[in-house]
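First comes the structure, then the notes that go with it.
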Amino acid sequence: MKRQAVIDFSAPSVDVARRLIGAVLQVDGVGGRIVETEAYDADDPASHSFGGPSTRNATMFGPPGHAYVYRSYGIHWCLNFVCREAGHGAGVLIRALEPTDGLDRMRERRGLDDVRLLCSGPGRVAQALGITRSHDGMRLDRPPFHLRPPALPPGVLTGVRIGISKARDVPWRFGLSGSSFVSRRFS
DNA sequence: CTTTCGATGATCT
DNA sequence: GATCATCGAAAGG
């Protein structure tokens with residue numbers, strides 16, 4: 001019996017973000033290949049965890065390998081994976097998927113047909129997968145979550161993070177090389 | 001193709 | 001009162 005490969009979430013968020021590219025993420029069987037991620041860390045002014053624990057970011061300071069879900073601009077939900085050890089405050093934002101499973105369910109939830117627009121952005125990913133605050137704190141290695149690392153290391157592109165006003169020059173955005181499902185092209 | 005702007009509510013100062 | 005890890009529609013080139 002060959003043991004199922006897993007992601008090591010106790011690693012720095014930058015490493016986890018890079019290694020997550022190409023992994024398959026499903027929630028209740030709906031999901032796809034992760035094609036875009038961003039890393040956030042405790043010493044990072046752009047991170048929710050910068051400045052220490054609070055009500056919103058509490059999960060970021062919990063054990064690694066759990067989901068951190070927050071509300072963005074009062075409208076959208078965004079999904080993160082907690083990294084490092086409990087108390088540290090690091091995470092990876094899941095920014096885009098290439099849809100592979102449950103396309104009809106995603107189209108229902110998103111209210112549109114174009115595959116390119118189903119999961120190309122963090123708010124879109126959460127809506128397509130049915131992620132809400134109820135998923136905050138859940139383990140990623142148990143249902144409804146399912147996560148499978150790529151069989152082979154894919155080509156990964158690097159860039160600066162999107163939509164932040166602090167630490168804009170930090171190159172902690174990662175994308176699957178050649179993917180047309182990223183939220184924005186890599187320069 | 002690009003830029004701009006409103007929506008909408010929790011969080012923080 | 002200001003900011004915000006966004007999205008989608010609208011307007012402009």
Side-chain angles (χ1 to χ4, degrees), chain A residues 9 12-21 23 25 27 32 34-62 64 66-84 88-99 106-138 140 156-176 179-187:
Chain A
F9 286 105
S13 54
V14 185
D15 297 335
V16 175
R18 201 184 293 107
R19 292 172 193 156
L20 278 171
I21 299 299
L25 168 68
V27 179
I34 297 175
V35 298
E36 183 182 348
T37 60
E38 281 178 359
Y40 290 87
D41 205 354
D43 292 331
D44 169 16
S47 175
H48 288 172
S49 59
F50 187 74
S54 68
T55 305
R56 175 177 68 163
N57 68 20
T59 303
M60 281 190 88
F61 289 90
H66 290 235
Y68 164 51
V69 180
Y70 71 94
R71 192 164 325 244
S72 176
Y73 289 88
I75 302 171
H76 309 99
W77 296 105
C78 290
L79 172 66
N80 296 255
F81 294 167
V82 178
C83 301
R84 290 280 190 141
H88 183 92
V92 173
L93 173 66
I94 307 303
R95 287 197 56 92
L97 306 182
E98 172 186 342
M106 294 192 205
R107 290 192 167 103
E108 264 176 47
R109 289 166 170 160
R110 294 275 298 121
L112 45 80
D113 290 338
D114 190 346
V115 188
R116 299 266 179 123
L117 297 178
L118 289 180
C119 298
S120 297
R124 292 164 172 173
V125 169
Q127 188 179 28
L129 270 54
I131 299 282
T132 69
R133 184 94 197 172
S134 68
H135 294 84
D136 184 59
M138 283 187 175
L140 298 170
V156 176
L157 303 176
T158 303
V160 295
R161 295 173 293 182
I162 293 176
I164 56 172
S165 61
K166 299 167 191 170
R168 293 180 116 131
D169 297 337
V170 178
W172 283 359
R173 175 177 177 238
F174 302 96
L176 179 63
S179 175
S180 53
F181 295 92
V182 293
S183 65
R184 275 173 48 180
R185 294 274 166 82
F186 284 74
S187 65

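On a predicted model such as this, the values are computed, not experimentally measured, just so you know. Lettering of chains follows the sequences in order, A, B, ..., and the numbering in each one begins at 1.
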Could you tell me whether A:Ser54 contacts a base, only the sugar-phosphate backbone, or nothing, with contacts defined as non-hydrogen atoms closer than 4.0 Å? sugar-phosphate

Return the value, rounded to whole Å, for the distance between atom CZ of A:Arg168 and atom C1' of C:dT3. 13 Å

Return yes if a side-chain donor-acceptor contact under 3.5 Å exists between A:Thr59 and A:Asp136, otherwise no. yes

Could you state the CZ-P distance from A:Arg161 to C:dC4, rounded to the nearest angstrom? 13 Å

Polar contact flag, side-chain donor to acceptor under 3.5 angstrom, A:Arg109-A:Gln127: no

Do any side-chain nitrogens or oxygens of A:Ser165 fall under 4.0 Å of OP1 or OP2 in C:dC4? yes

For A:Ser183, answer base if it contacts any base atom (sugar-phosphate contacts may also be present), sugar-phosphate if it contacts only those atoms, and nothing otherwise; contact means non-hydrogen atoms under 4.0 Å. nothing

Taking for A:Gly163 and for A:Gln127 the nucleotide of DNA chain C with the nearest heavy atom, the one nearer the 5' end belongs to A:Gly163

Are the charged groups of A:Arg161 and A:Glu38 less than 4.0 angstrom apart, N to O? no

Measure the distance from CZ on A:Arg116 to P on C:dC7 and round it to the nearest whole Å. 17 Å

Rounded to the nearest 0.5 Å, what separation is found between the CD atom of A:Glu36 and the CD1 atom of A:Ile34? 11.5 Å

Measuring only between side-chain heavy atoms, which start at C-beta, is A:Cys119 closer than 4.5 Å to A:Glu98? no

Indicate, with a heavy-atom threshold strictly under 4.0 Å, whether A:Arg110 touches base, sugar-phosphate, or nothing. sugar-phosphate

For a 4.5 angstrom cut-off between non-hydrogen side-chain atoms, does A:Leu118 reach A:Arg107? yes

Mind pulling the stems DNA chain B is in, i.e. runs of at least three Watson-Crick or G-U pairs, everything under 3.5 Å? B:1-7 with C:6-12, B:9-12 with C:1-4

Kindly compute the distance separating OG (A:Ser49) from CG (A:Asp44), expressed to the nearest 0.5 Å. 7.0 Å

Residues A:Cys83 and A:Val92: closest non-hydrogen pair is SG-CG2, 3.7 Å

Ring centroid separation A:His48 to A:Tyr70 under 6.0 Å: yes

A:Thr37-A:Arg95 side chain donor-acceptor pair, cut-off 3.5 Å: no

In whole angstrom, give the distance that lies between atom CZ of A:Arg184 and atom P of C:dG8. 15 Å

Whole angstrom value for the distance that separates C1' of C:dT6 from CD1 of A:Ile131: 16 Å

DNA chain B contacts made by residues 70-82 of chain A, counting heavy atoms under 4.0 Å: A:Tyr73, A:Gly74, A:Ile75

Beyond-backbone contact of A:Arg71 with A:Trp77, side-chain heavy atoms, under 4.5 angstrom: yes

Whole-Å distance separating the CG atom of A:Asp114 from the P atom of C:dC7: 15 Å

If you define the side chain from C-beta out and look only at heavy atoms, does anything of A:Phe181 sit under 4.5 Å from A:Val115? yes

Measuring from the side chain of A:Lys166 (C-beta onward, heavy atoms only), which nucleotide among C:dA5, C:dC4, C:dG8 has the closest atom? C:dC4

With a 4.0 Å cut-off (strictly under) to non-hydrogen atoms of chain A, the first and last hit nts on DNA chain B, 5' to 3', are B:dA7 to B:dC12

